[in-house]
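As the structure is a computational prediction, the values presented were derived from the model and not from experiment.
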Amino acid sequence: MKRITKIVTTLCATTLLFTACSKDDSITQLDGLHVSTSYVSIAESGATSKITLNTSSDWKIEKVTTKTNKVEWLTISPTEGHAGQTEISFTAPASLDGRTAEVLITANGEIQHINIVQGLPTITKATCAAVLAGVDNKSYRVTGVCTSINNTNYGNFYLNDGTASLYVYGTKDAGGNYAWKSFGIEVGDEVTIEGPRSTYNGVGQLKDATFISVKKSLIKVDAVENDSLPVTGGTFTAHLVCKGQGVSVDIPNDAKSWLAISGIQTTGTTTTVQFTAQPNTGGDRETTIEFRTTEGGKTYTSQTKLVQVGAIVAAPINEFKQAAVSTTQYRISGIVTNVKNAAQGNFTLKDYSGDVFVYKAKDFQTNGIKVGDIVTLVGERGEYNATPQMVKASIEDHKKVEQISIADFRTKPDSKDTYYMIKGSVAQSTEANTKFDLTKYGNFALTDATGNVYVYGVINGWGGKKGEFGTLHVATGDQLTLIASKTSYKGLVEAIAIFYSK
């Protein structure tokens, strides 16, 4: 009898959060809704458990809830029915840890709660390295230092306990809500969380972890002076509050060539660190400086960012694409060849060296930019799925290009600063004082249904050089689209052109 009493006592304790122990299984008897039991236990190895439902009216399972409001693991059949007796099945696959859910059955305005328990909920304390080497769907509790914060809406951040760096994809409070601001977590703080492991791109992570506690860092950047330096360089000062044993400073390797410590002064718990930055001959650059202290064998950190304005690097598109992803500012120019989304400013820009996708250029639609227009942009080298693109782009210059017939082109006033789009087939000019050259400079007649015009030289793309037309392999009869300005010489109408497409 002692053994039986012990088992019953354990079962009552396990299910205390869901229901109280009772002499019979039918805990709540409603007038028009009766269940054989309001507690369903499913084996941890995976199984199906059933209950019997009796109602005097139509019924349905209103919702399934847990702390995180998601119960993807539980299958219920059926989920609605008519008056009378119905057998309802609750099925769950094998689970590495215990888990719980709650089902609400409604009938004729009455509600019956059904508590589902699979196994005993357990949380394994582990290091970051152990989580990375662990298995999906198992829950772990981890304590480590927040080293970087990626998203403050859902609470995505990196945790490091000295054994490894672990990514946390989503952090919730005890009620299952994304409430990052309420946690008060900053880089350098010691954080304890728990949650299920998942795998993303072959790497383990904790997904939708539950926040447990935070221990504020023993070192903090209290204030900074001149954290945005001019191109000429200068001094940057960080004021720290440190309650640990000493202060060490870490300047990233890629910034050591232009940034150095010029002085450190400590008074009580206050430390002032001064840095000197060299003049910047490249594009905008930035770095994150880390300050560290130790206490009781643990390392605490705090960070601050330093930005230095740089010169804008003018580059052909192909050279821009070969550059590294960075905050360096680049200036590129070319012809708009495709507009994917005008409202968002997503389009393709092409010059003589190649083309590149531009993601979210500011004021693209406001400027009325369209295919064929010539645009100069200033932005950063970004990347998506390993493909180069320009990001954070601003429009520095915009030349509108009007598509017109050749007959209309001939009537336009001479101007080397005004551009038109003309289309036609390649032929030998019959006008006086003209040449036919498809191998070097590109001299020929361009003909459409309205007439023809003498093309006096074509560069093979925006920013290209003269004398390289032959590399385009254009032949008589080919259909060309050119961006051209209109000029004239001794009565001969000429188009000085930029090659656009065949």
Is the closest side-chain heavy-atom distance between [X] and [Y] below 4.5 Å?
X: Phe320; Y: Val356; value: yes
X: Thr481; Y: Met421; value: yes
X: Ile61; Y: Val103; value: yes
X: Lys399; Y: Trp462; value: yes
X: Gln205; Y: Arg197; value: no
X: Met390; Y: Lys360; value: no
X: Lys423; Y: Gln403; value: yes
X: Phe236; Y: Val224; value: yes

Task: Option among Thr237, Thr287, Ile289, Thr235 that satisfies the side chain to side chain contact (heavy atoms under 4.5 Å, CB included) test with Phe275 - done: Ile289
TODO: Please assess Asp208 against Tyr178 for the test side-chain hydrogen bond (donor to acceptor under 3.5 Å, both in side chains), listing each intermediate value before the final yes or no.
DONE: CA-CA 9 Å; Asp208 286 339; Tyr178 294 111; 2.8 Å; yes
No-hydrogen, no-angle side-chain donor-acceptor test under 3.5 Å, [X] and [Y]:
X: Thr75; Y: Thr91; value: no
X: Ser415; Y: Lys486; value: no
X: Asp351; Y: Ser353; value: yes
X: Thr163; Y: Asp161; value: yes
X: Asp373; Y: Tyr419; value: no

Open item on the list: Surrounding NZ of Lys362 (heavy atoms of other residues, nucleotides or ligands, distance under 6.0 Å), is the total greater than 12?
Closed with: no
Task: More than 12 heavy atoms of other groups within 6.0 Å of Lys298 NZ - done: no
TODO: With side-chain hydrogen bond (donor to acceptor under 3.5 Å, both in side chains) as the test, would you mind laying out the steps for Thr199 and Asp136 before giving the verdict?
DONE: CA-CA 7 Å; Thr199 299; Asp136 283 356; 2.8 Å; yes
Open item on the list: Tell me whether Asp254 is salt-bridged to Lys256, with the criterion being a basic N under 4.0 Å from an acidic carboxylate O.
Closed with: no
TODO: Would you name the heavy atoms of Ile395 and Val375 that are closest together and state the gap between them?
DONE: CG2-CG1, 4.2 Å
Task: Atom of Ile185, atom of Val214 and distance for their closest heavy-atom approach - done: CG1-CG2, 4.3 Å
Open item on the list: Please list all pairs meeting side-chain hydrogen bond (donor to acceptor under 3.5 Å, both in side chains) that have one or both residues in residues 142-153, counting only residues at least two apart or in different chains.
Closed with: Thr143-Thr192
Open item on the list: Counting the benzene-type ring for Trp, do Tyr384 and Tyr359 have ring centres under 6.0 Å apart?
Closed with: no
Open item on the list: So that I know where these two stand, are Trp180 and Phe157 an aromatic pair - ring centroids less than 6.0 Å apart?
Closed with: yes
TODO: Check salt bridge (Lys or Arg N to Asp or Glu O under 4.0 Å) between Arg141 and all other residues, then give those that pass, not counting sequence neighbours.
DONE: Glu194
Open item on the list: Between Thr266 and Thr271, is the side-chain hydrogen bond (donor to acceptor under 3.5 Å, both in side chains) condition met? List the steps.
Closed with: CA-CA 4 Å; Thr266 299; Thr271 297; 3.1 Å; yes
- [ ] State the CD1-NZ distance between Ile496 and Lys416, to the nearest 0.5 angstrom.
- [x] 5.0 Å
TODO: Quick one: do Val313 and Gln329 satisfy side chain to side chain contact (heavy atoms under 4.5 Å, CB included)? Show the steps, please.
DONE: CA-CA 6 Å; Val313 179; Gln329 297 289 297; over 6 Å; no
TODO: Would you check, one step at a time, whether the test side chain to side chain contact (heavy atoms under 4.5 Å, CB included) holds for Leu349 with Thr337?
DONE: CA-CA 6 Å; Leu349 193 70; Thr337 59; over 6 Å; no
